[in-house]
Structures are given as structure tokens and as C-alpha cells.
Amino acid sequence: MSDYLPSIYTRFLDRFPEVAEAQGAVAKAVRDRTPFDERTDRLLKLAMAIGAQAQGAVKSNVRKALQAGASLDEVRAVALAAITTCGFPTAIAAMGWIEEVAEAP
């Protein structure tokens, strides 16, 4: 799996570097305050992204969760858990986004 960055994100970085830097600082401050290891943190963020039906965030957090040591089965389990909380259509959409990342070169 590559270190894929969507073109919309790289354009954002190019156009608004100061905003990206500030957002990165907030993300780091929040991450520094969490009691969770990186793998758990990424799975939690994946769950929130699924609940928000945020395709880009789901794909990003799938990549990051896998890089942090989560298994593909664990990532899929997060989407399955969304069925009862977020609804079947939301979970199925997330499953599709997860598979897109899993199948990417």
C-alpha cells in the first residue's frame, strides 16, 4: 500500500499551507492527549469517519490504521459494528471504501 495523498489534499496544502500547519498542530495536540495507542486511535477515528459518512476520511483512516498495525479484519469489523449504530447503508458504503483502499496498489 502506497503513501497515497488525494490530489484535493495536496492542492489544499499548496494553497493554504498556514491553515494546514495550524490544523496539523491541533491534530498533534489532540493526539498527545489521548490515552490510546496509535492503532486504537486510528480505529476510533475510522469509526467516527464512518459515522460521518466521510469517504475521504474513511479511506485515509483505513490506510493509517493499517500502517499503525491494525489488520484488515479489524478495519472491516469497525464497518460491521456501524450497522447497528449508523445503519446498514452507511456501513455498506464504508465497506466499499475500505475495499477500495485494500485493493489499491
Q: Give every residue pair that meets the ring-ring contact (aromatic ring centres under 6.0 Å, His included) criterion with at least one member in residues 81-105, sequence neighbours excluded.
A: none
Q: Should side-chain heavy atoms under 4.5 Å link Ile, Leu, Val, Met, Phe, Trp and Tyr, which residues sit in the same cluster as Val30?
A: Val26
Q: Salt bridge or not between Glu38 and Lys64? Use side-chain N to carboxylate O under 4.0 Å.
A: no
Q: Can you see which heavy atom on Cys86 is nearest to which on Gly51, and at what distance?
A: SG-CA, 3.7 Å
Q: Could you tell me the separation between the CD1 atom of Ile50 and the CD atom of Gln55, rounded to the nearest 0.5 Å?
A: 12.0 Å
Q: Please name the pair of heavy atoms, one in Glu74 and one in Gly69, separated by the smallest distance, quoted to 0.1 Å.
A: OE1-O, 4.3 Å
Q: Between Arg11 and Asp14, does any side-chain N to carboxylate O distance fall below 4.0 Å?
A: no
Q: First locate atom CZ of Arg15, then atom OG1 of Thr10, and finally report the distance between them rounded to the nearest 0.5 Å.
A: 9.5 Å
Q: Might you confirm whether atom CD of Glu21 has over 12 heavy atoms from other residues, nucleotides or ligands at distances under 6.0 Å?
A: no
Q: How close do Ala68 and Arg39 get, counting heavy atoms only, and between which atoms?
A: O-CB, 3.6 Å
Q: Taking ring pair (Phe, Tyr, Trp, His ring centres under 6.0 Å) as the test, write out the residues that go with Phe16, two or more places apart.
A: Phe12
Q: Output the distance between atom CG (Leu66) and atom CG (Leu72), rounded to the nearest 0.5 Å.
A: 6.0 Å
Q: Same cluster for Leu46 and Val101 if Ile/Leu/Val/Met/Phe/Trp/Tyr side chains link at under 4.5 Å?
A: yes
Q: So, taking the atom named CZ in Arg31 and the one named NZ in Lys45, what distance separates them when rounded to the nearest 0.5 Å?
A: 6.5 Å
Q: Measuring from atom CD1 of Ile83 to atom CD1 of Ile92, what distance do you get when rounded to the nearest 0.5 angstrom?
A: 5.5 Å
Q: Can you name the nearest heavy-atom pair linking Ala20 to Leu13, along with the distance?
A: CB-CD2, 3.4 Å
Q: Roughly how far, to the nearest 0.5 Å, is the CZ atom of Arg76 from the CD1 atom of Ile98?
A: 8.0 Å
Q: Between Ala94 and Ala79, what is the shortest heavy-atom contact and its length?
A: CB-CB, 4.3 Å
